[in-house]
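Structure, as structure tokens:
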Amino acid sequence: MNRRMKIILALAFSLGLSAPILRTQQKTVCQEGHPWWKHAVFYEIYPRSFADSNNDGIGDLKGITAKLEYLQKLGIDAIWISPCFPSPQADFGYDVADYKDIDPMYGTLADFDNLAKQAKRRGIRVIMDFVLNHSSDQHKWFLDSKSSRTSARHDWYIWRDGKGPGQPPNNWLSCFGGSAWTYVPGIDQYYYHYFEVQQPDLNWRNPAVEQAMFDVTRFWYQHGVAGFRLDAVDLLFEDPELRDNPVLEGTNEFGDPNMQDKFNDKLPENHIVLRKLRVSADKYDAVLIGETWTEDINELKEYYGPANDEIQLPMDLMFTSVKKLSAADFRKQIAHVESSGGWPVYVISNHDIVRSYTRYGDGQNNNAIAKLMAAMYLTLRGTPIMYYGEELGMENNDPVRKEDVKDPLGQSGWPINKGRDGERTPMQWDPTANAGFSKGTPWLPVPAGSKIHNMKLEWKTPDSILRFYQKLIDLRHHNQALLDGNYIPLHPEDSNVLAYLRSTRNEAVLVALNMSADLHQIHVDLASQGFPDAKVRTLLSTQAAAKSRDNFTELTLEPFGVYIAKVSR
Ligand code: GLC
């Protein structure tokens with residue numbers, strides 16, 4: 001514990017302050033010497049959809065501020081706010097037109113400062129989304145860049161001559177469909193955009209770009225931000241020779257040839273920038289969270305840096321590629337992350353991924369499965385990042401007609417890819433119209449399920465998904481084995497039950513998750529894990545008949561049942 005924290009704690013105790021008040025202090029390092037982000041529960045907020053304070057149908061910063069009390073009660077330690085900067089909204093904020101301001105649709109910089117201040121008061125840190133690979137085509141840097149080949153900022157983006165008349169510089173494809181190159185007749189050159197046409201890639205080989213972007217990070221640190229989620233961080237650099245990517249068999253959802261992004265994805269130069277970003281983050285006790293779409297564990301490992309000097313929290317998005325509720329598949333993926341040597345980061349959905357409630361639900365036991373998923377990623381060794389509404393069992397609400405699609409990805413990918421609107425619908429606050437999100441017409445419709453899955457109702461219901469999340473988070477915050485204990489898989493061959501111990505020297509927590517629709521019994525040999533004659537005390541369970549027992553050997557798990565218990569000698 002650092003000196004400042006010791007003084008704060010001593011003062012608090014001498015004043016007789018209680019534990020909840022202590023929680024509002026922002027600890028930088030805990031008693032065991034862990035940095036704050038290792039023990040924090042993060043929560044992603046998609047600002048368009050969280051809470052609408054002015055009833056224009058779009059969420060805003062004042063809306064978020066008004067909901068901080070809820071987030072504090074839930075036990076959230078840090079919120080990551082998806083982009084709320086000035087933007088033409090071609091990709092709903094991931095096309096930034098000014099990195100150092102707030103879009104009027106979300107409020108003002110003063111509203112942001114107030115949000116950061118109120119959040120701090122409640123012990124909640126604020127993480128901003130840093131869209132560093134590309135800007136909006138309406139950013140003044142790009143407007144200058146495209147004005148002439150000799151403009152001051154021309155080289156701030158990736159420009160090249162075509163291969164010939166009407167032919168782009170190479171075969172690279174945009175992940176939104178079509179060529180990644182767009183021709184600008186005024187200067188007879190093409191610019192590169194991995195994403196939408198309106199999202200030109202910045203040229204990170206230009207030191208002026210690097211300087212400008214580092215300046216952006218300092219700006220937000222000075223506004224009280226505790227870190228950044230690094231958007232599309234795999235893609236900062238491109239091959240200087242712009243070699244063609246290898247073409248693979250078949251076509252993708254846009255009808256383009258499949259391609260291996262060999263020359264424009266995860267270039268080694270990325271790591272140089274990441275190390276520098278980390279140096280600056282460390283000065284502010286800040287965290288870097290990576291949007292790291294890795295193919296295998298070695299790629300993920302690289303993001304931690306050779307001396308743990310790059311991204312502290314590279315998200316294991318491979319975890320979200322576990323398509324079915326399968327104990328074997330999750331066990332395998334957990335083992336991979338554990339083998340990386342880095343501190344794992346668990347995510348089960350976000351604004352780009354179909355909600356976990358919809359992905360894993362079987363149509364009959366969805367609520368039990370939502371609790372099961374929560375019990376898994378909130379008890380594993382690592383940092384969990386929740387997605388707003390996951391704690392309510394929010395489901396995807398996909399558009400059914402192409403004309404209703406808002407997401408550019410859905411517009412170009414329809415009907416194979418319906419886009420991401422479904423996972424971005426308004427937060428479900430109560431059972432009233434528009435789920436209490438707005439008195440205006442929400443930018444996306446709320447699903448009928450919001451009458452049942454909403455904060456107000458679930459808060460009052462003791463066995464709701466929300467209450468289960470709250471209990472789990474509380475357990476996590478106060479249980480040393482869950483915070484820091486090793487991960488020890490049990491029953492490695494069981495295809496139905498995912499079971500593990502989180503173990504410290506003196507105690508452990510047993511987690512057993514039945515990922516099947518049948519009753520299962522497992523034999524728990526705690527003696528072989530160093531706990532002979534173990535005392536087992538139930539901490540949290542979805543099972544009606546969960547009893548605390550000594551000499552515990554057999555455990556019966558109900559369909560999709562969760563059993564979490566303290567194990568002591
Ligand atoms: C990231 C964001 C996604 C966005 C893309 C382009 O993948 O998560 O929503 O479309 O970057 O900025």
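Basis for what follows: all heavy atoms, side chains included, without hydrogens, waters or symmetry-related copies.
In this structure, the side chain of S412 engages the main chain of P408 through a donor-acceptor pair within 3.5 Å. Formation of a donor-acceptor pair under 3.5 Å by the W204 side chain with backbone atoms of L132 is found in this model. Side-chain atoms of N252 never come within 3.5 Å of backbone atoms of N258 as a donor-acceptor pair (strictly under, hydrogens ignored). Checked by atom type and distance alone, the side chain of D421 never pairs as donor or acceptor with a backbone atom of V405 at under 3.5 Å. Using a distance-only test at 3.5 Å, with no hydrogens or angles considered, a donor-acceptor pair links the side chain of S87 to the main chain of D95. Of the possible donor and acceptor atoms, one in the side chain of R149 sits under 3.5 Å from a partner among the backbone N and O of D188.
Checked against L61 for a side-chain contact (heavy atoms from CB on, under 4.5 Å), the options T108, D111, N114 give a single hit: D111. With respect to D234, the side-chain contact (heavy atoms from CB on, under 4.5 Å) criterion is satisfied by exactly one of K266, E299, E291: K266. Remark: of the listed residues F85, Y99, Y221, Y99 is the sole one forming a side-chain contact (heavy atoms from CB on, under 4.5 Å) with V216. Partner of D91 under the salt bridge (Lys or Arg N to Asp or Glu O under 4.0 Å) criterion, out of K406, R48, R420: R420 alone.
To the nearest 0.5 angstrom, E302 atom CD is 10.0 Å from T294 atom OG1. Note that the CG atom of D215 and the CH2 atom of W220 stand 12.5 Å from one another [nearest 0.5 Å].
Looking only at side-chain heavy atoms (C-beta outward), M455 and K67 stay at 4.5 Å or farther from each other.
No side-chain donor from either of W37 and T383 sits under 3.5 Å from a side-chain acceptor of the other. Side-chain contact, Q333 with D316: a donor N or O sits under 3.5 Å from an acceptor N or O. Checked by atom type, the side-chain pair T150/S148 shows a donor-acceptor distance below 3.5 Å. Checking D309 against Y304 by side-chain atom types alone, no donor-acceptor pair falls below 3.5 Å. Under 3.5 Å, the side chains of E423 and N396 contain a donor-acceptor pair of N or O atoms.
Ring-plane geometry between Y157 and F142 is classed as perpendicular, the angle between the planes exceeding 60 degrees on a 0 to 90 degree scale with a lower cut at 30. Classification of the Y377-Y469 ring pair by plane angle, with boundaries at 30° and 60°, yields perpendicular. Taking the six-membered ring where the residue is Trp, Y192 and Y194 present perpendicular rings, their angle passing 60° and hence far from 30°. Using the six-membered ring where Trp is involved, F176 and F195 have ring planes that are perpendicular, over 60° apart on the 30 and 60° scheme. Below 30°, between 30° and 60°, or above 60°: for H39 and H34 the angle between ring planes is between 30° and 60°, a tilted geometry. Under the 30°/60° scheme for interplanar angles, the aromatic rings of H351 and Y387 are found to be tilted. The aromatic rings of F228 and F130 lie tilted to each other, with the angle between the two planes from 30° to 60°.
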For a salt bridge (charged side-chain N to carboxylate O under 4.0 Å, His left out) check, start with the C-alpha distance between E210 and K276, then their side-chain angles and the critical distance, and finish with the verdict. CA-CA 10 Å; E210 183 181 302; K276 291 187 195 167; 2.9 Å; yes

As a quick check of understanding, evaluate side-chain contact (heavy atoms from CB on, under 4.5 Å) for V345 and Q312, giving each step before the final call. CA-CA 9 Å; V345 186; Q312 296 104 314; over 6 Å; no

Go through it in stages, so that I can follow the logic: the residues are D282 and R278, the test is salt bridge (charged side-chain N to carboxylate O under 4.0 Å, His left out), and I'd like the CA-CA distance, side-chain angles, deciding distance and then a yes or no. CA-CA 6 Å; D282 282 347; R278 176 64 181 276; 3.0 Å; yes

Applying salt bridge (charged side-chain N to carboxylate O under 4.0 Å, His left out) to D137 and K146, what does each step give before you reach the verdict? CA-CA 9 Å; D137 64 347; K146 76 169 207 185; 6.0 Å; no

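Summarising the geometry of V273 relative to F214, their closest heavy-atom pair is O-CZ, 4.1 Å, with the distance given to 0.1 Å. For D129 against R229, the heavy-atom pair with the smallest separation is OD1-NH1, 2.9 Å. Shown here for N54 and I58, the closest heavy-atom pair between the two residues is OD1-O, 4.2 Å. In this structure, H271 and E310 approach most closely via the heavy-atom pair ND1-OE1, 2.6 Å. Of all heavy-atom pairs between E238 and L267, the closest is C-CD2, 3.3 Å.
Cation-pi geometry between K38 and W36 is not met: the NZ or CZ atom fails to fall both under 6.0 Å from the ring centre and inside 45° of the normal.
Using a 4.0 Å cut-off between charged side-chain N and carboxylate O, K163 and D244 make a salt bridge. For D239 and K262, the salt-bridge test fails: no basic side-chain N is under 4.0 Å from an acidic carboxylate O. R424 and D352 are joined by a salt bridge, as a carboxylate oxygen and a charged side-chain nitrogen come within less than 4.0 angstrom of each other. Using a 4.0 Å cut-off between charged side-chain N and carboxylate O, K140 and D144 make no salt bridge.
Ring-centre distance between F50 and W429: below the 6.0 Å cut-off. The distance between the ring centers of W443 and F437 does not fall below 6.0 angstrom.
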